[in-house]
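Proteins come first, then strands; the chains are lettered A, B, ... in the order of their sequence lines, and each starts at number 1.
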Amino acid sequence: MNIPNIKIYNTLARRKEDFVPRDKGHVGIYVCGPTVYGYVHVGNARPFVFFAVFARYLRHIGYEVKLVENITDVDDKIIERANKEGVDSDEIATEYSDAYIEDTCALGLGRPNVEPRATEHMEDIINFCKELVEAGYAYETGGSVYYRVREFLEYGKLSGQKTDQMKHCELAREGEAKESPLDFAIWKAAKPGEPNWESPWGPGRPGWHIECTAMSLRYLGAKFDIHGGGRDLVFPHHENEIAQAEAVTGTAFARYWMHNGMITRKDEKMSKSLGNIFLLREFMKKYDPRVLILFFLGSHYRSPLEFSERNLDEAAGMLERFRNCFWKAESVLQELAAAERARAESVVSEDGPGGALVAATEKAQVQFHAEMCDDVNTAGALAAAFVLVRAINEYAETAPVTNEIDSQLLRDARDRLAELLEILGVKFSPEEYTQTGMEQELLELLEKREQARKAGDYAAADAARDQLAEAGYEVRDTPQGPKLVKKS
RNA sequence: GGCGACGUGGCCGAGUGGCUAGGCAGAGGUCUGCAAAACCUCGUACAGCGGUUCGAUUCCGCUCGUCGCCUCCA
């Protein structure tokens with residue numbers, strides 16, 4: 001098994017690095033998932049989609065991948081929301097984590113291997129806090145436990161922040177129980193009515209950050225390969241995770257840090273606090289999930305990406321172009337089969353259309369992999385797929401005319417394209433591009449139109465076409481006769 | 001104030017020290033009753049100003065502009 005070398009932009013190093021897994025042939029990835037106090041929005045979906053696609057690619061090239069994506073189900077925001085609605089906080093957590101699973105399932109990318117929840121790992125979390133206290137990296141005060149930031153000399157190495165220049169240094173609040181304003185809570189003493197767990201410091205709940213450290217180490221171990229999430233998590237979330245983990249393990253936490261850029265609206269980050277979010281479930285009501293995938297994959301994962309109607313339409317256009325290509329290939333293949341013109345032996349002359357198709361297929365695959373291996377350049381990979389689309393269309397268009405068509409060649413190229421797209425999480429089902437299995441009356445209507453056309457009765461022909469359009473089908477006249485294709 | 005990213009043709013969006021990204025839209029053509037789909041041809045773009053270089057959109061510096069983080073946030 002020969003796994004190609006891939007490069008990853010590592011936030012920690014601030015440059016692209018060759019990826020070397022900790023365990024040969026295996027990749028462990030931890031991605032920060034949502035805190036469940038509301039429905040996930042399009043911005044939340046980006047890392048979910050990106051890392052799902054990345055994992056698919058890694059598997060495709062031969063790695064065994066363990067993708068861990070947490071669900072934070074205990075947190076201030078959840079409590080806040082529960083109080084506002086007058087319900088129990090775990091009701092909120094359950095409602096929205098169920099919704100999260102449901103919404104992301106609809107993307108058709110499967111699930112991560114493990115989706116750990118904070119509430120199911122309290123023992124790990126408490127033990128982790130204990131170790132931090134014992135090691136002198138954390139201290140208890142008033143039932144809460146804080147991380148002693150000054151104790152961790154490398155604090156700031158991920159985000160490039162210098163502790164003495166941080167804004168909130170200037171904003172130290174009065175009466176704070178912390179030793180330093182930089183310190184952050186790893187365990188919060190329970191207030192009345194809040195969810196709580198027993199701990200050596202009394203009833204309480206975990207602070208933000210600690211659950212990810214505890215769970216990532218639990219499932220992937222120290223020095224695991226890749227830790228991912230949105231750019232906005234670099235500081236303080238990931239910085240703090242590093243501080244916690246490395247203080248206890250005494251060794252590197254994650255070795256590669258990958259951060260996706262923000263989804264924006266009118267150039268502003270899509271975020272709950274700005275109130276400009278677009279819910280994933282709302283999106284799904286309007287668009288095919290693959291449109292979202294192509295929308296994301298059309299730009300590099302580290303770039304910000306504007307969520308606009310125009311950009312979405314463009315992604316929808318890509319989907320349509322892929323589908324048309326499958327449709328075209330399929331209808332030519334069907335004709336060949338029906339006419340028994342398919343030949344068993346290949347007639348590929350290097351300067352003929354077949355040779356060009358074979359060359360283009362090869363080239364597209366090479367380009368696709370080169371792009372994916374270069375910091376997961378999905379936009380470039382898509383461009384490679386489009387090169388193949390053009391080659392297939394061209395072949396399907398011209399080869400039958402010159403009578404040099406080889407159905408096996410066409411089928412191969414089509415299958416290669418399908419394979420590349422499937423790696424990217426974009427799959428097509430035959431119903432989307434074949435005429436088989438269509439209702440008889442539709443086909444009769446199509447035939448009726450054809451008769452009318454031949455008779456020169458274009459008014460009747462167009463009426464039949466309109467009827468078909470109403471039924472959701474588009475008529476396409478091809479050299480092989482009229483065809484029906486489902487409207488997208 | 002500190003840290004960081006970005007500014008590519010009408011739009012979106014890759015990329016590179018000299019060699020075609022790609023998609024959408026647009027113009028012309030092929031096919032076609034029309035339409036749709038597809039194919040062919042067409043745009044000499046890289047914020048501005050300097051510098052390095054035989055040569056820079058690509059490297060360096062400065063300026064302008066936009067954005068993110070430093071507080072909850074994917």
Side-chain angles (χ1 to χ4, degrees), chain A residues 11 14 31-35 37 40-51 69 75-77 80 156 159-171 208 228-237 239 259-264 267-274 277 294-295 298-300 302-306 308 310-318 320-325 327-328 331 367 371 374 377-387 389-390 392-398 401 453-454 456-459 461-462 465-466 469 474-479 482-483 485 487:
Chain A
T11 307
R14 273 166 260 273
V31 180
C32 286
T35 299
Y37 64 94
V40 290
H41 57 76
V42 168
N44 297 314
R46 192 182 199 186
F48 184 91
V49 169
F50 173 72
F51 285 102
E69 243 171 284
D75 172 88
D76 293 359
K77 294 278 188 180
E80 201 178 287
S159 60
Q161 303 287 332
K162 299 202 172 51
T163 51
D164 51 354
Q165 279 174 167
M166 286 183 193
K167 220 176 188 177
H168 65 250
C169 285
E170 303 155 21
L171 307 169
W208 186 42
R231 261 222 89 75
D232 53 351
L233 294 182
V234 172
F235 192 93
H237 187 54
E239 196 72 70
H259 292 101
N260 62 273
M262 299 295 103
I263 298 299
T264 60
D267 284 333
E268 259 188 338
K269 175 183 166 185
M270 181 185 288
S271 77
K272 291 171 193 162
S273 48
L274 285 172
I277 60 172
L294 288 169
F295 166 66
S299 81
H300 190 92
R302 281 189 280 118
S303 303
L305 179 56
E306 175 73 13
S308 65
R310 188 168 188 159
N311 288 350
L312 292 173
D313 287 347
E314 208 169 288
M318 290 188 207
E320 185 61 10
R321 184 157 163 79
F322 285 129
R323 189 180 71 125
N324 285 335
C325 180
W327 172 79
K328 195 174 192 60
S331 51
Q367 191 185 334
E371 297 287 9
D374 183 11
N377 189 347
T378 51
L382 276 176
F386 281 115
V387 167
V389 166
R390 169 157 290 143
I392 291 171
N393 281 333
E394 196 182 340
Y395 187 72
E397 187 93 1
T398 62
V401 179
R453 275 183 77 208
K454 280 185 179 149
D457 185 358
Y458 296 122
D462 289 348
R465 184 166 63 192
D466 289 345
E474 193 178 289
V475 178
R476 290 181 188 169
D477 291 319
T478 74
K483 302 272 187 184
V485 57
K487 282 196 197 166

Colleague: Suppose you measure atom C1' in B/rU16 against the same atom in B/rU58; what distance do you get, rounded to whole Å?
Modeller: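 To the nearest whole Å, 6 Å.
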Colleague: Once you apply a heavy-atom cut-off of 4.0 Å, does A/Glu474 come out as touching a base, just sugar-phosphate, or nothing?
Modeller: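 Sugar-phosphate contact only - A/Glu474 comes under 4.0 Å of backbone atoms but never of a base.
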Colleague: With sugar-phosphate meaning primed atoms plus P, OP1 and OP2, does A/Gly228 contact a base, only sugar-phosphate, or nothing at under 4.0 Å between heavy atoms?
Modeller: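 Answer is nothing: A/Gly228 stays at 4.0 Å or more from every strand.
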Colleague: Could you state the interatomic distance from NE2 (A/His259) to CG (A/Leu233), rounded to the nearest 0.5 Å?
Modeller: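 Here the rounded value is 6.5 Å.
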Colleague: Assess whether one donor atom and one acceptor atom, taken from the side chain of A/Arg321 and the base of B/rG23, lie less than 3.5 Å apart.
Modeller: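 Donor-acceptor pair under 3.5 Å: no.
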Colleague: Could you tell me how far B/rA21 sits from B/rG9 if I compare only their C1' atoms? Round to whole Å.
Modeller: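 Each nucleotide's C1' atom is 13 Å from the other's.
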Colleague: State whether the side chain of A/Glu239 and the backbone N or O of A/Ser159 hold a donor-acceptor pair below 3.5 Å, judged by distance alone.
Modeller: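 Yes.
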Colleague: Is a donor-acceptor contact shorter than 3.5 angstrom present between the side chain of A/Asp313 and the base of B/rC12?
Modeller: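 No, the side chain and the base share no sub-3.5 Å donor-acceptor pair.
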Colleague: Looking only at atom C1', what distance separates B/rA38 and B/rA74, rounded to whole Å?
Modeller: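 Taking atom C1' in both B/rA38 and B/rA74, they lie 40 Å apart.
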Colleague: Less than 4.0 angstrom between a side-chain N/O of A/Lys483 and OP1 or OP2 of B/rA36, yes or no?
Modeller: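 A/Lys483 to B/rA36 OP1/OP2: no side-chain N or O under 4.0 Å.
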Colleague: Hey, which sits more toward the 5' end of RNA chain B by its nearest nucleotide, A/Trp327 or A/Arg453?
Modeller: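 Mapping each residue to its closest nucleotide by heavy atoms, the 5'-most match is A/Arg453.
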Colleague: How would you label the contact of A/Ile263 with the nucleic acid (heavy atoms, under 4.0 Å): base, sugar-phosphate, or nothing?
Modeller: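 The residue A/Ile263 makes base contact.
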Colleague: What contact category does A/Gly317 fall into here, base, sugar-phosphate, or nothing, at under 4.0 angstrom with non-hydrogen atoms?
Modeller: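 A/Gly317: no heavy atom of the nucleic acid under 4.0 Å.
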Colleague: Just compare B/rG33, B/rA38, B/rA74 and give me whichever is closest to any side-chain atom of A/Met262.
Modeller: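 Taking heavy atoms from C-beta onward, the closest nucleotide is B/rA74.
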Colleague: With distance as the sole criterion, do the side chain of A/Asp164 and the base of B/rG2 form a donor-acceptor contact below 3.5 Å?
Modeller: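 No, no donor-acceptor pair under 3.5 Å.
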Colleague: So what does A/Leu382 touch, heavy atoms closer than 4.0 Å: a base, only the sugar-phosphate, or nothing?
Modeller: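 Result for A/Leu382 = nothing.
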Colleague: Students often get this wrong, so: under 4.0 angstrom with heavy atoms, is A/Asn377 touching a base, only sugar-phosphate, or nothing?
Modeller: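 Sugar-phosphate, no base atom in range.
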Colleague: Work out which heavy atom in A/Tyr458 is nearest to a heavy atom in A/Arg453; give both atom names and the distance.
Modeller: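 Shortest heavy-atom contact: CE2-O, 3.8 Å.
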Colleague: What is the distance, to the nearest angstrom, from the CD atom on A/Glu306 to the C1' atom on B/rU66?
Modeller: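 The distance from CD of A/Glu306 to C1' of B/rU66 comes to 12 Å, rounded to the nearest Å.
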Colleague: So, taking the atom named CZ in A/Arg390 and the one named CZ in A/Arg321, what distance separates them when rounded to the nearest 0.5 Å?
Modeller: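 It is 5.5 Å, given to the nearest 0.5 Å.
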Colleague: Would you give the length of the straight line joining atom OG1 of A/Thr478 to atom CH2 of A/Trp327, rounded to the nearest 0.5 angstrom?
Modeller: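 It is 6.0 Å, given to the nearest 0.5 Å.
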Colleague: What I want to check is whether an N or O donor and acceptor connect the side chain of A/Arg465 with the base of B/rC34 at under 3.5 Å.
Modeller: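 Pair found.
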Colleague: Just N and O in the side chain of A/Ser303: are any of them under 4.0 Å from OP1 or OP2 of B/rA14?
Modeller: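 Yes, within the criterion.
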Colleague: Between protein and nucleotides 40-45 of chain B, what N or O pairs are separated by less than 3.5 Å?
Modeller:
unit_1: B/rC40; atom_1: OP2; unit_2: A/Arg390; atom_2: NE; d: 3.3

Colleague: Just verifying a value: how many Å separate A/Tyr37 OH and A/Glu80 CD, rounded to the nearest 0.5 Å?
Modeller: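 Here the interatomic distance stands at 8.5 Å.
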Colleague: Using the P atom in both, what is the distance from B/rG10 to B/rC46, to the nearest Å?
Modeller: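 Per the computed distance, 10 Å lies between those P atoms.
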Colleague: At under 4.0 Å, does any side-chain N or O of A/Asn260 touch on OP1 or OP2 of B/rA74?
Modeller: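 It does not, given that no N or O in the side chain of A/Asn260 lies less than 4.0 Å from OP1 or OP2 of B/rA74.
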Colleague: Determine: side-chain N/O of A/Asn393 to OP1/OP2 of B/rA38, distance under 4.0 Å, yes or no.
Modeller: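 No.
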Colleague: Using whole Å, what does the distance between atom C1' of nucleotide B/rC70 and atom CG of A/Leu233 come to?
Modeller: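 Taking atom C1' of B/rC70 as the reference, CG of A/Leu233 is at 14 Å.
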Colleague: Please state the P separation for the pair B/rU20 and B/rC62 - nearest whole angstrom.
Modeller: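 Rounded to whole Å, the distance is 34 Å.
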Colleague: NA contact type, A/Lys77, heavy-atom cut-off 4.0 Å: base, sugar-phosphate, or nothing?
Modeller: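 Base contact.
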Colleague: Between N or O atoms, less than 3.5 Å apart, protein on one side and nucleotides 3-10 of chain B on the other: list the pairs.
Modeller:
unit_1: B/rC3; atom_1: O2'; unit_2: A/Ser159; atom_2: O; d: 3.2

Colleague: Check whether any side-chain heavy atom of A/Asn377 sits under 4.5 Å from a side-chain heavy atom of A/His300, and report yes or no.
Modeller: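 Sidechains of A/His300 and A/Asn377: in contact.
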Colleague: What is the nucleic acid contact for A/His259, judged by heavy atoms within less than 4.0 Å: base, sugar-phosphate only, or nothing?
Modeller: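 Nothing: the residue A/His259, judged by heavy atoms under 4.0 Å, touches no strand.
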Colleague: Figure out the CG/C1' separation between A/Asp462 and B/rG33, and round it to whole Å.
Modeller: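 Roughly 9 Å, once rounded to whole Å.
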Colleague: With a 4.5 Å heavy-atom cut-off, do A/Leu305 and A/Phe295 have their side chains touching?
Modeller: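 Yes, their side chains come closer than 4.5 Å.
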Colleague: How many whole angstroms separate atom CZ of A/Phe322 from atom C1' of B/rG23?
Modeller: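 Roughly 9 Å, once rounded to whole Å.
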Colleague: By the 4.0 Å heavy-atom rule, please label A/Ser273 as base, sugar-phosphate, or nothing.
Modeller: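 Base contact - A/Ser273 has a heavy atom under 4.0 Å of at least one base atom.
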Colleague: Roughly how far apart, to the nearest Å, are B/rU52 and B/rC60 at atom C1'?
Modeller: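 Their C1' atoms lie roughly 7 Å apart.
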Colleague: Considering all heavy atoms of both residues, which atom of A/Pro47 and which atom of A/Val31 are nearest to each other, and what is their separation?
Modeller: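 Smallest heavy-atom distance, with atoms named: CB-CG1, 4.4 Å.
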Colleague: Need to verify one output field. Residue with the more 5' nearest nucleotide on RNA chain B, A/Gly298 or A/Met270?
Modeller: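 That would be A/Gly298.
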Colleague: Indicate, with a heavy-atom threshold strictly under 4.0 Å, whether A/Val475 touches base, sugar-phosphate, or nothing.
Modeller: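 Result for A/Val475 = base.
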Colleague: For RNA chain B, what is the dot-bracket line, given that a base pair needs Watson-Crick (N1 to N3, plus N6-O4 or O6-N4) or G-U wobble (N1-O2 and O6-N3) geometry with both distances under 3.5 Å, and | means paired with another strand?
Modeller: (((((((..(((.....[...))).(((((.......)))))....(((((..]....))))))))))))....
Colleague: Do the charged groups of A/Arg310 and A/Asp313 touch, with an N to O distance under 4.0 Å?
Modeller: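 Salt bridge between A/Arg310 and A/Asp313, a charged N being under 4.0 Å from a carboxylate O: no.
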Colleague: I need the minimum non-hydrogen distance between A/Ser299 and A/Arg46, along with the two atoms involved.
Modeller: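 In terms of heavy atoms, the two residues are closest at OG-NH2, 3.4 Å.
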Colleague: Would you call A/Glu397 and A/Lys328 a salt bridge, taking side-chain N to carboxylate O under 4.0 Å as the test?
Modeller: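 The answer is yes: the pair qualifies as a salt bridge.
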Colleague: Checking A/Asn311 side chain against A/Glu306 main chain: does a donor-acceptor pair fall under 3.5 Å?
Modeller: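 Yes, because the side chain of A/Asn311 sits within donor-acceptor range (under 3.5 Å) of the backbone of A/Glu306.
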Colleague: Can you tell me which nucleotide in B/rA21, B/rG33, B/rA14 comes closest to the side chain of A/His300?
Modeller: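 The closest nucleotide is B/rA14.
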Colleague: Considering only atom C1', compute the distance from B/rA56 to B/rG2 and round it to an integer number of Å.
Modeller: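 To the nearest whole Å, 32 Å.
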Colleague: Should A/Phe386 be counted as stacked on B/rG22, where stacking needs a ring-centre gap under 5.5 Å and an angle between planes under 30 degrees?
Modeller: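 The ring of A/Phe386 is not stacked on B/rG22.
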Colleague: Ignoring hydrogens and angles, are the base of B/rA35 and the side chain of A/Asp477 linked by a donor-acceptor pair under 3.5 Å?
Modeller: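 When only heavy-atom distances are counted, A/Asp477 does reach the base of B/rA35 through a donor-acceptor pair under 3.5 Å.
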Colleague: In whole angstroms, how far is the P atom of B/rC67 from the CG atom of A/Leu305?
Modeller: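 Checked: the CG to P distance equals 16 Å.
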Colleague: As a test of reading the structure: which of B/rG22, B/rC70, B/rA37 is closest to the side chain of A/Asn324, going by heavy atoms?
Modeller: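 Of all the options, the side chain of A/Asn324 is nearest to B/rA37.
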Colleague: Starting from P on B/rA36, measure out to CD on A/Glu397 and report it in whole angstrom.
Modeller: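 Nearest whole value for this atom pair: 15 Å.
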Colleague: Looking across every strand, which nucleic acid part, if any, lies under 4.0 Å from A/Lys269 by heavy atom: base, sugar-phosphate, or nothing?
Modeller: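 Contact class for A/Lys269: base.
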Colleague: Can you measure from CG (A/Leu294) to OG1 (A/Thr378) and round to the nearest 0.5 angstrom?
Modeller: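 Rounded to the nearest 0.5 Å, the CG-OG1 separation comes out at 9.5 Å.
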Colleague: Taking A/Asp477 first and then A/Lys483, would you say they form a salt bridge - that is, a charged N and a carboxylate O separated by under 4.0 Å?
Modeller: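 A salt bridge is absent here (no side-chain N lies under 4.0 Å from a carboxylate O).
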Colleague: Taking only the C1' atom of each, what is the distance from B/rC19 to B/rA5 in whole angstrom?
Modeller: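 Result for the C1' pair: 30 Å, nearest Å.
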Colleague: State the CG-CG distance between A/Asn324 and A/Asn393, to the nearest 0.5 angstrom.
Modeller: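 Nearest 0.5 Å value for the CG-CG distance: 8.0 Å.
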